Student: 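Would you mind keeping the following structure in view while I ask a few things?
Just so you know, these numbers come straight off a predicted model, no measurement behind them. Both counts, for ligands and for their atoms, begin at 1 and track the order of listing.
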Amino acid sequence: MNFDIHIIGGGLAGSEAAWQLADAGLRVRLSEMRGGGDSTPAHDSDQLAEMVCSNSFRSDDAEHNAVGLLHQEMRALGSLILRSADQHRVPAGSALAVDREAFAAEVTRAVEQHPNIAVVRERVDALPEHPTIIATGPLTGTGLAQAIAAETGQDALAFFDAIAPIVHRDSVDMDVAWMAARWDKGGKDYINCPLDKPQYEDFISALNAGEKTEFKDWEKDTPYFEGCMPIEVMAERGPETLRHGPMKPVGLDNPRTGRWPYAVVQLRQDNALGTLWNMVGFQTKLKHGEQVRIFRNIPGLEKAEFARLGGIHRNSFINSPRLLDRELRLKSKPNIRFAGQITGCEGYVESASIGILAARFAAAELRGETLPPPPVETALGALLAHITGGADADTYQPMNVNFGLMPPPDTRAKKADRKKAYTDRARAAFARWLEEMRAPELA
Ligand SMILES: Cc1cc2nc3c(=O)[nH]c(=O)nc-3n(C[C@H](O)[C@H](O)[C@H](O)COP(=O)(O)OP(=O)(O)OC[C@H]3O[C@@H](n4cnc5c(N)ncnc54)[C@H](O)[C@@H]3O)c2cc1C
């Protein structure tokens with residue numbers, strides 16, 4: 001079959017993108033290397049849209065949760081991934097969990113049977129010259145990864161994420177923490193959380209005792225050591241290591257004492273909106289529950305709400321804020337779009353949602369039209385804006401959808417009502433956007 005557009009990777013994002021484009025009447029070639037003699041270290045089958053770990057698409061609460069809101073927006077855009085998930089849902093409270101095999105079989109059947117899609121079981125190792133969406137995920141084949149690195153520059157493609165936790169700015173106690181830069185150089189750009197000697201010693205003991213996540217066999221020989229060592233590994237090397245590393249207090253006068261604290265935890269702004277702040281140098285393999293428990297003992301972070309917790313995994317992703325334009329096109333080679341986790345979004349749902357957007361931008365372009373981007377008040381728009389420019393390119397790491405990616409609503413409402421204020425505003429903005437594109441109304 002001749003095709004209008006080529007999609008590389010038949011995972012969550014690529015399957016969704018293929019479906020959206022085919023449904024818009026465009027002919028798609030979908031290249032998937034599994035089933036053609038190749039696989040990844042995490043996939044077990046040849047099915048499209050295989051969920052490699054948990055069987056959950058997380059919260060389905062569209063009123064109080066950003067990922068639930070994203071589900072709702074995707075359903076309104078005819079998402080194949082959400083439709084198949086709804087069909088194969090298993091009981092999981094307010095979460096959307098699925099029978100993973102039935103789910104993947106459903107997506108595979110729908111994609112393979114679509115008359116506008118040709119699924120080709122082949123590995124692609126070079127960047128094509130025709131219109132293409134690359135959706136090869138966190139475990140992109142080595143040849144293609146090398147081709148992407150050659151096009152974008154080696155340091156623009158990461159092979160591992162080393163994620164430090166990210167905190168919502170409005171949950172930091174600024175009666176304890178203060179804004180300053182070391183030696184007062186530049187602006188007062190960092191939030192500084194001070195620890196005295198007993199607090200520091202307790203913190204180190206907690207890190208040493210904390211439960212850690214193990215590396216998988218194929219992740220063990222990672223080149224992250226030294227460059228971005230997990231804090232608990234630094235703590236194991238000796239009680240003073242962190243005080244000479246990311247918790248160094250020198251040059252940071254605490255205005256409440258007039259002295260340097262014994263140790264400090266610094267947070268740096270992580271998005272242009274100023275709503276999210278990352279804990280500098282705090283990449284960690286501690287289990288998520290342990291991170292919350294231990295980090296809430298840091299003075300100023302007792303009530304911290306985390307937009308993202310730390311982690312270190314094998315994960316290929318590009319520096320999207322630097323490399324991609326607002327329509328997910330590679331600036332240096334605009335026939336190529338990226339979708340899914342390789343753009344630096346994180347998770348099944350987010351990956352599929354970026355698949356929808358890449359497909360719809362591509363479909364509009366192929367028809368000689370322009371698609372207005374979804375507003376930043378919506379879950380889709382917030383994620384897209386973060387990936388394509390809102391995030392700080394220098395510290396770019398994978399991100400889940402969360403309310404911190406949206407501009408704060410103009411309300412002093414209580415926490416639960418505040419979430420509702422975000423989602424009510426999002427629904428209104430999304431409905432206006434749908435109208436603008438003359439798409440079906442949000443149910
Ligand atoms: C070990 C592990 C555990 C994870 N656990 C979770 C979890 O519990 N929950 C969650 O939400 N997310 C999890 N993720 C993240 C998850 O991978 C993504 O959320 C999601 O699968 C990304 O979708 P994607 O379409 O971008 O990539 P994928 O779903 O990985 O799809 C990419 C596809 O591209 C194919 N491919 C790669 N290179 C080539 C090539 N050169 N030519 C042709 N085809 C190619 C691959 O075979 C694959 O089918 C996990 C990731 C890993 C690695």
Student: Give a yes or no on whether a salt bridge exists between E290 and R293, defined as a side-chain N under 4.0 angstrom from a carboxylate O.
Tutor: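 A salt bridge is present here (some side-chain N lies under 4.0 Å from a carboxylate O).
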Student: Tell me the protein heavy atom at minimum distance from atom 37 (C) of ligand 1, and give that distance in Å.
Tutor: T136 O, 3.4 Å
Student: Just to be sure I read this right, does ligand 1 sit under 4.0 Å from the backbone of I8, its side chain, both, or neither, counting only heavy atoms?
Tutor: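 The part of I8 near ligand 1 is the side chain, not the backbone.
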Student: Of the non-hydrogen atoms in L207 and A235, which two are nearest, and what is the gap between them?
Tutor: CD1-CB, 3.9 Å
Student: Only heavy atoms count here, so choose which of G141, G137, C53 is nearest to atom 4 (C) of ligand 1.
Tutor: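 Result: the heavy atom closest to atom 4 (C) of ligand 1 is in C53.
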Student: Write out the residue and atom name of the closest protein heavy atom to atom 48 (C) of ligand 1, then the distance separating them to 0.1 Å.
Tutor: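 I find the closest protein heavy atom is E32 OE1, 3.5 Å.
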Student: Is there a donor-acceptor pair closer than 3.5 Å between any side-chain N or O of D4 and the backbone N or O of L26?
Tutor: no
Student: How close do A147 and D125 get, heavy atom to heavy atom, and via which atoms?
Tutor: CB-O, 3.7 Å
Student: So does L48 get a backbone contact from the side chain of S15, meaning a donor-acceptor N/O pair under 3.5 Å?
Tutor: no
Student: Does A13 reach ligand 1 with a nitrogen or oxygen that is under 3.5 Å from one of the ligand's nitrogen or oxygen atoms?
Tutor: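 Among all N and O atoms of A13, at least one is under 3.5 Å from an N or O of ligand 1.
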Student: Under 3.5 Å between any N/O of T40 and any N/O of ligand 1: does that happen in this structure?
Tutor: no
Student: Find all atoms of ligand 1 within a distance of less than 4.0 Å from any non-hydrogen atom belonging to G340, and give their numbers and elements.
Tutor: 26 (O)
Student: Quick test: of every protein heavy atom, which one is nearest to atom 44 (N) of ligand 1, and how far off is it to 0.1 Å?
Tutor: M33 N, 3.2 Å
Student: Please report which non-hydrogen protein atom sits nearest to atom 42 (N) of ligand 1, along with the residue it belongs to and the distance in Å to one decimal place.
Tutor: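 Of the protein heavy atoms, V124 N, 3.1 Å lies nearest.
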Student: Just which atoms of ligand 1 are under 4.0 Å from any heavy atom in L144?
Tutor: 41 (N)
Student: Who gets closest to atom 17 (O) of ligand 1 by heavy atom: S39, P138, S15?
Tutor: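 The residue whose heavy atom sits nearest atom 17 (O) of ligand 1 is P138.
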Student: Does V52 reach ligand 1 with a nitrogen or oxygen that is under 3.5 Å from one of the ligand's nitrogen or oxygen atoms?
Tutor: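 In this structure, V52 places no N or O atom under 3.5 Å from an N or O of ligand 1.
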Student: May I ask you to check whether H43 and T40 show a side-chain donor-acceptor distance below 3.5 Å?
Tutor: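 Yes, because at least one side-chain N or O of H43 sits under 3.5 Å from a partner of the opposite role on T40.
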Student: Using a strict threshold of under 4.0 Å (side-chain N to carboxylate O), is an ion pair present between E346 and R308?
Tutor: no
Student: Does the ring center of F3 lie less than 6.0 Å from the ring center of H130?
Tutor: yes
Student: Closest heavy-atom contact between S353 and L383?
Tutor: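 That closest heavy-atom pairing would be OG-CD2, 3.6 Å.
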Student: Quick check, are the ring centers of F159 and F317 under 6.0 angstrom apart?
Tutor: no
Student: Please write down residue, atom name and distance for the protein heavy atom closest to atom 22 (C) of ligand 1.
Tutor: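 Here the closest protein heavy atom is S351 OG, 3.3 Å.
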Student: Which bit of E122 is near ligand 1, meaning a heavy atom under 4.0 Å away: side chain, backbone, both or neither?
Tutor: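 It is the backbone that gets close, since no side chain atom is under 4.0 Å.
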Student: Select one of side chain, backbone, both or neither to describe which atoms of L48 lie under 4.0 Å from any atom of ligand 1, heavy atoms only.
Tutor: neither
Student: Write out the residue and atom name of the closest protein heavy atom to atom 28 (P) of ligand 1, then the distance separating them to 0.1 Å.
Tutor: G11 CA, 4.0 Å
Student: Among pairs that include at least one residue of residues 34-50, which meet salt bridge (charged side-chain N to carboxylate O under 4.0 Å, His left out), considering only residues two or more places apart or in two chains?
Tutor: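 Only E32-R34, R34-E50, D38-R123 qualify under salt bridge (charged side-chain N to carboxylate O under 4.0 Å, His left out).
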Student: Is the shortest N/O to N/O distance between G347 and ligand 1 below 3.5 Å?
Tutor: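 By distance alone, the answer is yes.
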Student: What atoms in ligand 1 come closer than 4.0 Å to a heavy atom of L139?
Tutor: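 Matching atoms, with element in brackets: 53 (C).
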Student: Under 4.0 Å, heavy atoms only, figure out whether ligand 1 is touched by the backbone of L12, its side chain, both or neither.
Tutor: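 Answer for L12: both.
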Student: When the side chains of residues 367-379 are checked against the rest of the protein, which donor-acceptor pairs come out under 3.5 Å, sequence neighbours left out?
Tutor:
residue	atom	partner	partner atom	Å
T378	OG1	P375	O	2.6
T378	OG1	G381	N	2.9

Student: Considering A135, S54, S31, A49, which one's heavy-atom position lies nearest to atom 8 (O) of ligand 1?
Tutor: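 Among A135, S54, S31, A49, the closest heavy atom to atom 8 (O) of ligand 1 comes from S54.
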Student: For atom 15 (C) of ligand 1, what is the nearest protein heavy atom, given as residue, atom name and distance?
Tutor: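 Closest protein heavy atom to atom 15 (C) of ligand 1: Q341 OE1, 3.3 Å.
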Student: Show the nearest heavy-atom pair for residues T136 and I134, with the distance to one decimal.
Tutor: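 So the two residues come closest at OG1-CG2, 3.5 Å.
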Student: At what distance is the nearest protein heavy atom to atom 13 (C) of ligand 1, and which residue and atom is it?
Tutor: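 Here the closest protein heavy atom is Y348 CE2, 3.8 Å.
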